[in-house]
Amino acid sequence: MSVNLVELREGGAQDLTSVNQIMQDAFDPQYGEAWTKPQCMGMLSLPGVWLTIANSDGVDAGFALAREVAGDAELLLLATRKATQRRGIGATLVRAVIAEAHARGAEQLHLEVRAGNDAVRLYCSAGFAKVGERKDYYKGRTGELFNAQTFARVLR
Ligand SMILES: CC(C)(COP(=O)(O)OP(=O)(O)OC[C@H]1O[C@@H](n2cnc3c(N)ncnc32)[C@H](O)[C@@H]1OP(=O)(O)O)[C@@H](O)C(=O)NCCC(=O)NCCS
């Protein structure tokens with residue numbers, strides 16, 4: 001099933017309440033992957049960082065936060081609201097980040113994701129390949145630790 005219309009726009013500090021709502025809805029607190037609003041605010045104020053918001057049928061339904069520094073880009077956060085998942089919004093955001101990172105001159109796009117996260121399928125189908133593993137990187141609500149996997153995609 002796909003949504004009728006997904007519009008992408010560049011986000012800013014004024015969108016962080018919406019971003020935070022999407023993040024609280026999307027991320028399972030069991031895994032400790034979500035960021036706080038101040039963390040997002042701090043990151044967004046750094047050079048080379050950009051936020052993309054996906055609006056679906058008039059509602060902010062997802063976002064991607066990314067940065068590009070000296071030819072290397074990183075997808076920092078990606079989330080879509082549960083109610084509109086599996087409709088192509090995540091893939092649309094990933095494609096937009098790939099295009100923007102390329103336009104900014106990056107040669108590679110990196111990301112890290114919790115091992116076992118369903119997003120791994122999305123990243124693999126978008127051309128990312130696994131390049132490493134970070135043990136006990138995420139700390140869940142109950143103190144349980146989860147490995148992170150690092151992925152990269154060549155942009156040239
Ligand atoms: C990961 C996430 C952003 C995907 O968003 P989405 O809008 O559902 O993505 P899409 O609809 O474009 O899905 C693209 C593909 O990803 C894979 N995928 C996404 N969610 C999946 C799930 N729950 N189970 C299995 N595969 C899944 C599928 O291959 C899917 O293609 P398909 O629906 O044709 O099978 C969303 O599930 C989310 O916000 N998760 C919580 C936050 C998170 O873990 N973010 C990633 C780490 S930063």
Side-chain angles (χ1 to χ4, degrees), residues 1-11 15-44 46 48-69 72-101 106 108-142 144-153:
M1 185 176 171
S2 63
V3 282
N4 296 336
L5 183 64
V6 180
E7 285 179 349
L8 301 183
R9 69 172 191 276
E10 179 161 5
D15 295 299
L16 289 180
T17 298
S18 186
V19 161
N20 199 45
Q21 284 169 359
I22 296 167
M23 194 148 47
Q24 298 306 321
D25 181 61
F27 281 99
D28 186 335
Q30 180 187 349
Y31 299 118
E33 299 163 286
W35 293 19
T36 62
K37 197 173 166 188
Q39 281 175 317
C40 291
M41 176 79 86
M43 182 56 78
L44 194 55
L46 296 178
V49 176
W50 76 95
L51 174 66
T52 307
I53 307 281
N55 186 287
S56 166
D57 297 330
V59 176
D60 286 347
F63 73 91
L65 187 68
R67 78 175 151 199
E68 186 277 323
V69 178
D72 250 351
E74 187 176 6
L75 174 54
L76 299 162
L77 268 181
L78 172 76
T80 62
R81 283 189 197 275
K82 278 202 177 77
T84 49
Q85 286 178 0
R86 301 303 292 270
R87 297 182 186 186
I89 298 173
T92 299
L93 282 162
V94 170
R95 280 195 299 273
V97 170
I98 289 169
E100 180 63 21
Q108 282 213 80
L109 180 59
H110 303 267
L111 63 84
E112 69 201 7
V113 58
R114 174 180 52 80
N117 189 323
D118 293 323
V120 167
R121 281 181 62 182
L122 166 56
Y123 297 140
C124 288
S125 58
F128 287 84
K130 187 182 166 194
V131 291
E133 185 122 0
R134 294 180 181 161
K135 195 167 161 39
D136 298 341
Y137 187 81
Y138 296 102
K139 188 173 188 178
R141 194 174 34 188
T142 59
E144 197 181 347
L145 299 173
F146 302 93
N147 291 358
Q149 295 182 332
T150 53
F151 284 77
R153 185 192 193 280

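Atoms within each ligand, like the ligands themselves, are counted from 1 in listed order. Heads up: numbering here begins at 1 and tracks the sequence.
Within 4.0 Å of atom 12 (O) of ligand 1, at least one protein heavy atom is present. Using a 4.0 Å threshold on non-hydrogen atoms, atom 34 (O) of ligand 1 does not count as touching the protein.
If you check which protein heavy atom lies closest to atom 16 (O) of ligand 1, you get L122 CB, 3.2 Å. Here the heavy atom of the protein found nearest to atom 23 (N) of ligand 1 is D118 OD2, 3.0 Å. The closest protein non-hydrogen atom to atom 1 (C) of ligand 1 is A119 CB, 3.6 Å. The closest protein non-hydrogen atom to atom 43 (C) of ligand 1 is F27 CE2, 3.3 Å.
Contact annotation: G88 has at least one heavy atom less than 4.0 Å from an atom of ligand 1. Taking 4.0 Å as the cut-off, W35 does not count as a neighbour of ligand 1 on heavy-atom distance.
The shortest distance between side-chain heavy atoms of Y137 and T150 does not fall below 4.5 Å. By the 4.5 Å heavy-atom criterion applied to side chains, C40 and M23 are counted as neighbours. Side-chain contact between N117 and Y138: absent, with no pair of heavy atoms (C-beta onward) separated by less than 4.5 Å. Within the 4.5 Å cutoff, the side chain of F63 has no heavy atoms near those of the D15 side chain. You'll find the side chain of I53 reaches within 4.5 Å of the side chain of L51, heavy atoms only.
Counting heavy atoms of neighbouring residues, nucleotides and ligands inside a 6.0 Å radius, atom NZ of K139 does not exceed 12 of them.
Between the side chain of N147 and the main chain of D136, a donor-acceptor pair closer than 3.5 Å is present.
Among R81, R95, R86, the residue whose heavy atom lies nearest to atom 31 (O) of ligand 1 is R86. With atom 44 (O) of ligand 1 as the reference point, the heavy atom nearest to it among V113, N117, V94 is part of N117. Remark: among candidates G90, A26, A61, the nearest residue to atom 9 (O) of ligand 1 is G90, based on non-hydrogen atoms.
Of all atoms in ligand 1, numbered sequentially from 1 with element shown, those under 4.0 Å from a heavy atom of L78 are 3 (C), 42 (C), 43 (C), 45 (N), 46 (C), 48 (S). Distances below 4.0 Å separate heavy atoms of Q85 from the following atoms of ligand 1: 8 (O), 36 (C), 37 (O), 38 (C), 39 (O), 40 (N).
At a heavy-atom cutoff of 4.0 Å, ligand 1 is contacted by both the backbone and the side chain of T80. Under 4.0 Å from ligand 1, the heavy atoms of R87 that appear belong solely to its backbone. When non-hydrogen atoms are compared, ligand 1 lies under 4.0 Å from neither the backbone nor the side chain of F63.
Using a cut-off of 4.0 Å between Lys/Arg side-chain N and Asp/Glu carboxylate O, R9 and D60 are scored as salt-bridged.
Aromatic ring orientation, Y123 versus F151: tilted (interplanar angle from 30° to 60°).
The cationic atom of R114 (NZ for Lys, CZ for Arg) lies less than 6.0 Å from the six-membered ring centre of Y31 and within 45° of the ring axis.
Considering all non-hydrogen atoms of both residues, A26 and K82 come closest at O-NZ, 4.1 Å.
For a threshold of 3.5 Å applied to N or O pairs, the pair formed by T84 and ligand 1 contains no separation below that value.
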